[in-house]
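These figures come from a predicted structure and were not determined experimentally. All heavy atoms count here, side chains included; hydrogens, waters and symmetry mates do not.
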Amino acid sequence: MSLLDDLNPAQKEAVLTTEGPLLVFAGAGSGKTRVLTYRIAYLIKEKGIPPSRIFAVTFTNKAAEEMRERVERLLGRSARGIWISTFHSACARILRHHIEQLGYQRNFVIYDEEDQERHLKTVMKELGLDFKMFHPKAMQSAIDQLKNEGMTPEQFQPSYYNIFQKRLAQVYQRYQEDLKRNNGVDFGDLLLLTTLLFKKFPEVLRTYQDLWHYVMVDEFQDTNLIQYQLLRQLVNTHENICVVGDDDQSIYRWRGAEVGNILNFERDFPETKVITLEQNYRSTKNILHAANSMVQRNRFRKEKVLWTENPEGERITFFVAKDEREEADFVIRKIKEYLSANPSSEPYREVAVFYRINAQSRALEEAFVKHHIPYTIVGGLKFYERREIKDILAYLKWVSNPSDSLSLRRIINVPSRGIGEKTLEKIESYSRERGLSLYEGMKACLAEDWLSPLAKEKIFGFLQMIEDFMKEVQSVPLTQLTMNILTQTKYLDRLKEEGTEEALSRLENIDELLSVMMEFEQEEEGGSLQSFLERVSLMTEVDLYENKENRVSLMTLHCAKGLEFPVVFMVGMEEGLLPHYRRGEEIEDLEEERRLCYVGLTRAKRKLYLSRAERRSTFGVGRANLPSRFLDELPLELIEVEEPSGEEEKDRGWVERMKETGEILEGEGISWHPDGFYPLKMGMKVRHPKFGEGRVRSVEGMDEEQKATILFSSVGPKRLKVKYANLEIIE
DNA sequence: AATCGTAGTGTTTTT
DNA sequence: CACTACGATT
């Protein structure tokens, strides 16, 4: 059969194992999506399973779309009816049908992180909490975490002695109540409420269990506890669930992703068959070898070694720049070389530059502009998080769900129409006392003559306007409605009056939103406001990225996951940046940084460039960074060191020179600084020529200025300048 | 109610 | 350095 001919033995086995729990460890570039799509195709075409029986979950809309396209390519028309979606949109869809059983209305709105924070702040203010003492951000992530663990406000038992937890319990409770009163849910709720729904109403769960006989999960290493709970609810231990993931590419632990889910899977589904895909189709032997030898340093991982039949390829080029500008120039220089050496018609799109943090994009961007090289920055400032977009969406959200006081509050004075904080406070406390929504409260305040004449007039005008919008929602098409809102509220006029560059770009963004809307309306016949809002709420910038234009792509390492490029640059290979200095203290945190690096390396198909800068200005201050420890984990023979252009001794790299003079020993990585500056870390054991052995207590500063406090067993604590101390690291 | 000034604060962010 | 968030000012 032709389907199976395209697969290697391991892939074939994964496709053919349709019954029972299946765990596929899919290494980078091992054809994971191919396995998933072929498996779906096989189920439908060969096993005669109706498409509607299949449920495939991904993490991003983009991945879902890609999977759908590829399945359609294999099956054509008969692919229709498969549920392929993200966890969140699947939950949203389920909740649209059943959320009334949980006491919400079916036209609920979805709040994003910013809405969430606003809402949280109001709650905290009402409870009289000091933002300095209890940071809203901390509360927010604590609540998120509780939701990720499947904990409802009722279930959460704060520790009696922990003041933060006690407050948290209070805030969480109130936060959730008010959210419900707004008929709104946050991202966490989509998952939490769905599991709750399934727990409380087994008959609802039953319908989905009966509906989906085959469940597949992509990027399983990124699932969090509640997502796993959800899967376990849907699939009994004997049923057909196939999860695909790679523990080496787990880079969202800090966001609640639980790599342990992979390990627990075999425990929770004892009959699990495990298949490991180790043949890589993406990269050259050299790149793969480098990536392998790095990731193998991790202690917490499933052992696997990727291999490939691809050619050996070029060595990895490593460059040490003076500063970030020179680093950017290096990237440009190499891109230009690639351009002239490559007959490809669209060379730019074959190139990507990865960095650890967004702030690094700046120097690069400047260089790209200067040299007229087309580029796009993926991620960063997000379209749907822009103020003007969120303002308009707030109007639309309220129109589709008038209980949404949060959105109403956002737009009540935007653009400014003289309704101030005081009036608003009055109406809010009035509403709160009577358990009314802000909208109802406004109407009641007017009726009862509660406000000053001026405020009354303003509120009256505002109410009339938005009630008009509300009436139009049924009869007027989406784009038209939005246009009406934009003109009626004078939103556009105000921006045009401003005439600043910023206002201009806001206008452009609004245009963009309108065209997205029109597209949506055409795509989805009679696409409703509600489904548009849902799509938009669950969409991200990365989903919009398609790499269809001939441009160099710039992005963070996190964004790079799941993508591939013939030529890859990884800049900023420095201690403090990669691994990042703000990471946690546990080994797991360091290992996650290493995986992040690994993800970057494995994106490259043919050529990989690594670079670091000796000095880099962060927050306006120049700092000298040590080379990343990860550089030492690459086999030296795979590295070719690029000299700065125009320097003497071009033909021989400094690594070679240092090897000759004995400054570098064979087997050591490339980052060992020739002048003997050590990447000293707290807790390291060192030997000093005079004082003997000691342990590092603390390290301050960098490079020549670096000082370390070391506790020697012979003479006690000493503070030494590392440069002169001549230390030897023992462990 | 809008504007201005200053203090504080800097990772990554699939939904 | 660059951005924001909040408070004081007009």
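- Within the 3.5 Å criterion, the main-chain N or O of A/Asp589 finds no donor-acceptor partner in the side chain of A/Arg583.
- Here B/dT12 presents its C1' atom at 15 Å from CZ of A/Phe354, a figure rounded to the nearest Å.
- Atom CD of A/Glu457 sits in a sparse spot, with 12 or fewer heavy atoms from other residues, nucleotides or ligands closer than 6.0 Å.
- Remark: P of B/dT12 and CG of A/Asp144 are 18 Å apart, rounded to the nearest angstrom.
- By the 30° and 60° cut-offs, the orientation of the rings of A/Phe520 relative to A/Phe532 is perpendicular.
- Checking B/dT14, B/dG10, B/dT15 against the side-chain heavy atoms of A/His88 singles out B/dT15 as nearest.
- Across all strands, A/Gly418 comes closer than 4.0 Å only to sugar-phosphate atoms, never to a base (heavy-atom distances).
- Counting only heavy atoms from C-beta on, A/Arg362 has its side chain closest to C/dA2 among C/dC6, B/dT13, C/dA2.
- Of the listed nucleotides (B/dA2, B/dT13, B/dT15), B/dA2 has the atom at the smallest distance from the side chain of A/Asn413.
- If you check B/dT15, C/dC6, B/dT11 against the side chain of A/Arg582, the one that comes closest is B/dT11.
- For the pairing with A/Leu225, the side chain to side chain contact (heavy atoms under 4.5 Å, CB included) check across A/Asn148, A/Asn264, A/Asn261 returns one residue only, A/Asn261.
- Where stacking is scored as ring centres under 5.5 Å apart with planes under 30°, A/Tyr252 does not register as stacked on the base of B/dT12.
- Distance from the side chain of A/Arg356 is smallest for B/dT11 among the nucleotides B/dT13, B/dT11, B/dG10.
- Residue A/Glu219 is out of contact with every strand shown, counting any heavy-atom pair closer than 4.0 Å.
- Looking only at atom types and distance, the side chain of A/Ser89 has no donor-acceptor partner in the side chain of A/Glu534 under 3.5 Å away.
- Annotation: of the two residues near DNA chain B, A/Ser537 and A/Thr423, the 5′-most nearest-nucleotide partner is A/Thr423.
- Taking atom CZ of residue A/Phe87 and atom C1' of nucleotide B/dT14, one finds them 11 Å apart after rounding to whole Å.
- Contact annotation: side chain of A/Arg255 to base of B/dT15, donor-acceptor pair present below 3.5 Å.
- B/dT12 and C/dA5: their P atoms are spaced 16 Å apart (whole Å).
- Mapping A/Lys561 and A/Arg417 onto DNA chain B by nearest heavy atom places A/Arg417 at the nucleotide closer to the 5' end.
- No side-chain donor-acceptor contact under 3.5 Å links A/Asn298 and A/Asp248.
- An OP1 or OP2 oxygen of B/dT15 is reached within less than 4.0 angstrom by no side-chain nitrogen or oxygen of A/Ser89.
- Distances shown here put a side-chain N or O of A/Asn358 below 4.0 Å from the OP1 or OP2 atom of B/dT13.
- Here C/dC3 presents its P atom at 14 Å from CZ of A/Arg387, a figure rounded to the nearest Å.
- With B/dT12, B/dG10, B/dT15 as the choices, the nucleotide that has an atom nearest any side-chain atom of A/Phe619 turns out to be B/dG10.
- Across the protein-nucleic acid pair, A/Leu577 atom CG and B/dG10 atom P stand 16 Å apart, rounded to whole Å.
- In the set B/dA2, B/dT11, B/dT14, B/dA2 carries the atom at the smallest distance from any side-chain atom of A/Ser416.
- To the nearest angstrom, P of B/dT15 lies 18 Å from CG of A/Leu95.
- Relative to the side chain of A/Ala257, the nucleotides B/dT15, B/dT14, B/dT11 differ in distance, and B/dT14 lies closest.
- What separates CH2 of A/Trp254 from P of B/dT14 is a distance of 8 Å, to the nearest Å.
- Residue A/Asn61 is classed as a sugar-phosphate contact, given heavy-atom separations below 4.0 Å to backbone atoms only.
- In this model, the phosphate group of C/dC6 is approached by a side-chain N or O of A/Lys121 to a distance below 4.0 Å at OP1 or OP2.
- Residue contacts for A/Ile419: at a heavy-atom cut-off of 4.0 Å it reaches the sugar-phosphate backbone alone, with no base atom in range.
- A donor and an acceptor atom, one from each side chain of A/Asp189 and A/Gln176, are located under 3.5 Å apart.
- Across all strands shown, A/Lys132 has no heavy atoms under 4.0 Å from either base or sugar-phosphate atoms.
- Regarding A/Lys147, its NZ atom lies at a distance of 18 Å from the P atom of B/dT15, rounded to whole Å.
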